[in-house]
Engineer: 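So that we are looking at the same thing, I have put the structure below in structure tokens.
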Amino acid sequence: MKDVLVIYKSRYGATERYAKWIAEALDCEAMPVKQVKSSTLSQYRMLIFGGGLYMGRINGIAALTRRFQELKDKTLFVFTAGLTEPGDDGYYTFLYTRNFTEKMRKRIHFFAFPGAVDGQKLSRFHRFVMGAVMKERAQKDPANAGAYLSMQMDYVQPRYIEPLTEKAQGILDEWADKKRRQEEIRRQARESEERSESPAGEKA
């Protein structure tokens with residue numbers, strides 16, 4: 001069984017950038033969710049899912065939640081990219097309760113990263129929704145009103161993935177150490193068995 005796979009659904013590109021940085025940091029593959037089948041998921045011990053954040057909903061998260069029972073033995077990470085500040089506890093609580101059941105929340109390592117918006121690439125609906133949000137932000141932050149009203153912002157940076165990759169790498173290192181210990185135990189058992197099978201009086 002392979003160790004880790006990064007899966008993502010990215011509408012405008014921010015989530016895809018994060019997914020590929022995470023895959024590079026963990027030396028694994030990043031794959032769009034539309035290419036992923038249940039048989040693919042079964043091959044990995046750790047799954048890292050990423051989706052953009054839209055009105056508090058994680059884009060594509062149903063691909064994971066509807067298979068949650070199938071993935072009960074997997075180590076699961078979820079990250080999202082959005083323009084809402086991820087720093088306060090109320091924000092995390094809102095996202096957890098909106099996107100996951102209590103049972104899921106106990107098993108998922110969740111991370112929220114700053115995202116990006118390009119008004120020229122938005123769908124008509126998203127442009128309408130974001131327009132209202134950006135007007136409100138422009139009123140609260142006049143110094144950056146131009147960026148808000150033009151909907152041209154990009155806060156995506158590689159450094160934001162570090163808490164996730166450090167956590168994931170720590171788990172992978174634990175698995176590797178456990179595997180080495182098991183291999184050492186098996187090696188010692190083989191050597192002990194070989195010695196016990198040697199003819200009496202024969203020197204090694």
Side-chain angles (χ1 to χ4, degrees), residues 4-26 28-37 40-41 46-68 71 76-101 104-105 108-138 144 147-165 167-168:
V4 57
L5 174 67
V6 180
I7 308 159
Y8 64 91
K9 185 168 185 180
S10 184
R11 187 185 296 269
Y12 299 115
T15 303
E16 181 177 7
R17 281 188 278 168
Y18 280 125
K20 290 183 176 179
W21 287 331
I22 292 169
E24 182 179 2
L26 298 177
C28 68
E29 183 179 4
M31 182 181 298
V33 69
K34 63 184 178 182
Q35 297 180 8
V36 177
K37 300 179 181 179
T40 304
L41 299 180
M46 178 187 292
L47 300 172
I48 301 175
F49 176 87
L53 189 62
Y54 300 96
M55 300 177 67
R57 296 287 187 184
I58 300 173
N59 189 27
I61 194 62
L64 184 149
T65 56
R66 69 168 176 257
R67 295 185 173 108
F68 193 76
L71 307 176
L76 302 175
F77 284 74
V78 173
F79 71 89
T80 188
L83 293 180
T84 306
E85 173 59 45
D88 72 78
D89 293 338
Y91 172 79
Y92 277 98
T93 300
F94 169 72
L95 289 181
Y96 266 129
T97 56
R98 190 170 178 82
N99 289 278
F100 308 112
T101 65
M104 293 174 184
R105 295 196 295 270
I108 292 172
H109 302 282
F110 179 73
F111 296 83
F113 305 143
V117 61
D118 182 345
Q120 295 181 347
K121 295 181 179 179
L122 295 177
S123 67
R124 180 178 299 179
F125 174 73
H126 286 155
R127 189 163 55 248
F128 171 77
V129 173
M130 288 298 297
V133 173
M134 292 300 102
K135 286 180 182 179
E136 181 178 349
R137 291 194 178 190
N144 295 303
Y148 290 129
L149 296 176
S150 64
M151 289 188 281
Q152 295 291 328
M153 290 168 286
D154 189 344
Y155 303 120
V156 179
Q157 296 183 37
R159 64 187 176 91
Y160 291 121
I161 71 169
E162 291 175 3
L164 185 156
T165 55
K167 179 69 175 179

Engineer: With heavy-atom distances below 4.5 Å as the criterion, would you say the side chains of Phe49 and Leu76 are in contact?
Structural biologist: no

Engineer: Please find the pair of heavy atoms, one from Glu29 and one from Ala23, that lie closest to each other, and give the distance.
Structural biologist: C-CB, 4.0 Å

Engineer: Would you mind reporting whether Phe113 and Leu164 have side-chain heavy atoms less than 4.5 Å apart?
Structural biologist: yes

Engineer: Any heavy-atom pair between the side chains of Thr40 and Ile7 that's under 4.5 Å?
Structural biologist: no

Engineer: For residues Asn59 and Leu53, determine if any side-chain heavy atom of one lies less than 4.5 Å from a side-chain heavy atom of the other.
Structural biologist: no

Engineer: Does the side chain of Leu64 reach to within under 4.5 Å of the side chain of Leu47, using non-hydrogen atoms?
Structural biologist: no

Engineer: How would you list, by chain and number, every residue that makes a side-chain hydrogen bond (donor to acceptor under 3.5 Å, both in side chains) with Gln157, sequence neighbours excluded?
Structural biologist: Arg159

Engineer: At what distance, to the nearest 0.5 angstrom, does CZ of Arg105 lie from OG1 of Thr97?
Structural biologist: 6.0 Å

Engineer: Please determine which of Ile61, Thr65, Asn99 meets the side-chain contact (heavy atoms from CB on, under 4.5 Å) test together with Val78.
Structural biologist: Ile61

Engineer: For Tyr8, check ring pair (Phe, Tyr, Trp, His ring centres under 6.0 Å) against everything at least two apart and list the hits.
Structural biologist: none

Engineer: What pair of heavy atoms forms the shortest contact from Gly56 to Arg98, and how long is it?
Structural biologist: O-CD, 3.2 Å

Engineer: Go through the structure and list residues passing side chain to side chain contact (heavy atoms under 4.5 Å, CB included) with Thr101, not counting sequence neighbours.
Structural biologist: Lys103, Met104

Engineer: Would you find a donor on one side and an acceptor on the other, under 3.5 Å apart, between the side chain of Thr80 and the backbone of Ala112?
Structural biologist: no

Engineer: Considering all heavy atoms of both residues, which atom of Tyr18 and which atom of Pro114 are nearest to each other, and what is their separation?
Structural biologist: OH-O, 2.6 Å

Engineer: I'd like to know if Lys20 and Glu24 make a salt bridge, using a cut-off of under 4.0 Å between side-chain N and carboxylate O.
Structural biologist: no

Engineer: Could you list all the salt bridge (charged side-chain N to carboxylate O under 4.0 Å, His left out) pairs where at least one residue sits in residues 57-67, not counting sequence neighbours?
Structural biologist: none

Engineer: Tell me, please, which residues at least two apart from Tyr54 pass ring pair (Phe, Tyr, Trp, His ring centres under 6.0 Å).
Structural biologist: His126

Engineer: For Lys9, check salt bridge (Lys or Arg N to Asp or Glu O under 4.0 Å) against everything at least two apart and list the hits.
Structural biologist: none

Engineer: Determine the minimum heavy-atom distance between Ser10 and Thr15, stating which atoms define it.
Structural biologist: OG-N, 3.6 Å

Engineer: Side chains of Phe77 and Val4: does their closest heavy-atom pair fall under 4.5 Å?
Structural biologist: no

Engineer: Does some side-chain heavy atom of Ile161 sit less than 4.5 Å from a side-chain heavy atom of Phe111?
Structural biologist: no

Engineer: Ignoring hydrogens, what is the shortest heavy-atom contact between Ala14 and Ala81? Give both atom names and the distance.
Structural biologist: CB-CB, 4.4 Å

